[in-house]
2 protein chains.
Amino acid sequence: MKSDKISEAVVRRLPVYLRYLNELHHREVPTVSSQELGQKLDLNPAQIRKDLAYFGDFGRKGIGYDVSYLIEKIRQILKLDQQINVVLVGAGNLGHALSNYNAFLKDNMKIVAVFDAHTSKVGSRINNLTVQPMEELTSTIQDHGIRIGIITVPDVEAQNVADRLVASGIEAILNFAPIILKAPPQIRIHTADFTTDLQSLAYYLDNGKEEVKDAATEMGH
Amino acid sequence: MKSDKISEAVVRRLPVYLRYLNELHHREVPTVSSQELGQKLDLNPAQIRKDLAYFGDFGRKGIGYDVSYLIEKIRQILKLDQQINVVLVGAGNLGHALSNYNAFLKDNMKIVAVFDAHTSKVGSRINNLTVQPMEELTSTIQDHGIRIGIITVPDVEAQNVADRLVASGIEAILNFAPIILKAPPQIRIHTADFTTDLQSLAYYLDNGKEEVKDAATEMGH
DNA sequence: TAGATTGTTAATCGATTAACAATC
DNA sequence: TAGATTGTTAATCGATTAACAATC
């Protein structure tokens with residue numbers, strides 16, 4: 001166990017582990033090896049062991065990892081052992097879709113407020129939350145101890161919304177607007193930009209179309 | 001110019017460059033340096049030059065890059081100089097939200113068909129497309145020459161949908177279900193999983209809360 | 001005990017950054 | 001010409017993987 005600087009790549013894999021561990025737990029599987037995890041998650045077993053070892057000695061030699069115990073530990077590491085309140089800004093289609101994922105975010109993250117700058121949206125109900133006007137942003141964030149903001153507004157408004165979230169004391173932002181947000185360095189920003197995802201996929205389309213059939217032998221399922 | 005193996009990291013930056021270049025073009029800026037690009041996109045200028053140099057000598061020493069020319073080149077590299085048809089499977093909230101992004105995907109990617117397994121959804125209109133039943137999946141993909149599939153179904157259905165997309169001749173998949181899909185290696189899969197994004201953000205929340213104020217000096221805006 | 005599997009070190013691999021000659 | 005900026009090589013940095021002693 002060492003707690004130097006954990007790389008973002010490691011941190012991003014933890015929720016992936018957690019998700020599959022939850023599935024195992026649901027199936028009442030008591031233990032799992034890095035081998036099995038690696039196979040299921042398309043990762044190198046050594047990498048998984050190393051990732052986990054950054055945070056503690058969670059496994060048992062010859063046995064593997066106790067599923068329930070590892071779930072508990074990863075949830076602690078990710079701070080999902082406490083409720084984390086989230087605010088969503090932008091009550092459009094995407095914001096609407098995300099607010100429905102509260103069920104998914106069961107691990108103690110919860111969207112507790114929704115905001116929109118447009119009066120046409122304010123007051124409408126989204127998934128038993130009432131869309132609030134931007135004027136109430138700061139007070140709501142502070143009153144509810146909201147720590148994470150999700151931005152689902154059009155790109156031209158995104159930086160302004162980010163600035164307001166930061167000014168209101170938010171600590172991290174998940175940004176769905178296709179723009180690079182600027183913020184103070186202590187604010188963590190993840191950008192979820194599926195236009196970028198989709199366009200980079202296009203690169204891998206095979207225009208040649210020749211030797212595609214040969215490669216089809218090794219099926220990974 | 002070398003065309004060995006381009007790493008995925010490089011490919012994923014290209015759409016980011018393209019997006020900002022489009023903005024510059026819109027503002028009628030004629031040329032841009034790697035320096036300026038780096039500043040705006042939070043990337044090292046040397047990295048940008050290197051990324052672009054994989055594909056050709058697009059810049060001019062002492063001048064920088066011609067915006068229009070670079071846009072043209074990147075679109076060619078990403079294969080966005082041709083129309084790429086996309087199918088979306090899963091007409092729930094998220095699918096609905098994404099189908100509205102057709103405007104965003106202006107660079108010649110187009111969602112041309114939407115499918116759902118549930119009879120309650122089939123026949124309804126989404127963004128002037130009619131939701132089709134799964135039985136028509138293969139024929140529609142083949143008739144429209146659809147090459148990319150977007151999966152927005154619940155996680156338990158995702159692998160099955162992926163298998164059917166692959167069997168229908170799709171070449172790449174953008175997966176929004178929180179699951180690791182298995183597919184033959186020649187099928188490119190990108191997973192856009194915002195529960196993972198959000199949970200990894202939680203890690204960076206500062207529970208100490210002490211020296212936050214000091215770090216707030218260097219504002220990146 | 002024998003087999004399995006961890007935690008960790010060392011080796012490898014790959015990606016980022018610095019530096020600079022070439023040149024617009 | 002002098003200043004700016006590319007393309008590219010070399011140096012650095014970091015992440016992944018292999019290997020194996022420790023041990024359940």
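For the numbers below, each heavy atom of this structure counts, side chains included, while hydrogens, waters and symmetry mates do not. Each chain gets a letter, A, B and so on, in the order the sequences are listed, and its residues count up from 1.
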Separation of dG7(D) atom P from Gln35(B) atom CD, nearest Å, is 15 Å
The salt bridge (charged side-chain N to carboxylate O under 4.0 Å, His left out) partners of Arg12(A) (sequence neighbours excluded) come to Glu8(A), Asp197(B)
For this session: Before accepting this row, confirm whether a basic side-chain N of the pair Asp42(B)/Lys182(A) lies closer than 4.0 Å to the acidic partner's carboxylate O.
Result: yes
Mate of dT12(C) across any strand shown (Watson-Crick or G-U wobble, both atom pairs under 3.5 Å) is dA15(D)
On DNA chain D, more 5' by nearest nucleotide between Arg13(A) and Ser34(B) is Ser34(B)
* Charged N-O contact under 4.0 Å between Lys40(B) and Glu36(B) -> no
Between CG of Asn44(B) and P of dT6(D) the distance, given in whole Å, is 12 Å
*Mind checking Arg49(B) for me? I need base, sugar-phosphate or nothing, with any heavy atom below 4.0 Å counting as a touch.*
base
Ile6(A) atom CD1 is separated from dA15(D) atom C1', nearest whole Å, by 13 Å
Phe58(A) CZ to dC24(D) P, in whole Å, measures 17 Å
Partner of dA22(D) under the Watson-Crick or G-U wobble criteria, both distances under 3.5 Å, comes out as dT5(C)
Look at Asp81(A) together with Arg75(A) and state whether they make a salt bridge at an N to O cut-off of under 4.0 Å.
-> no
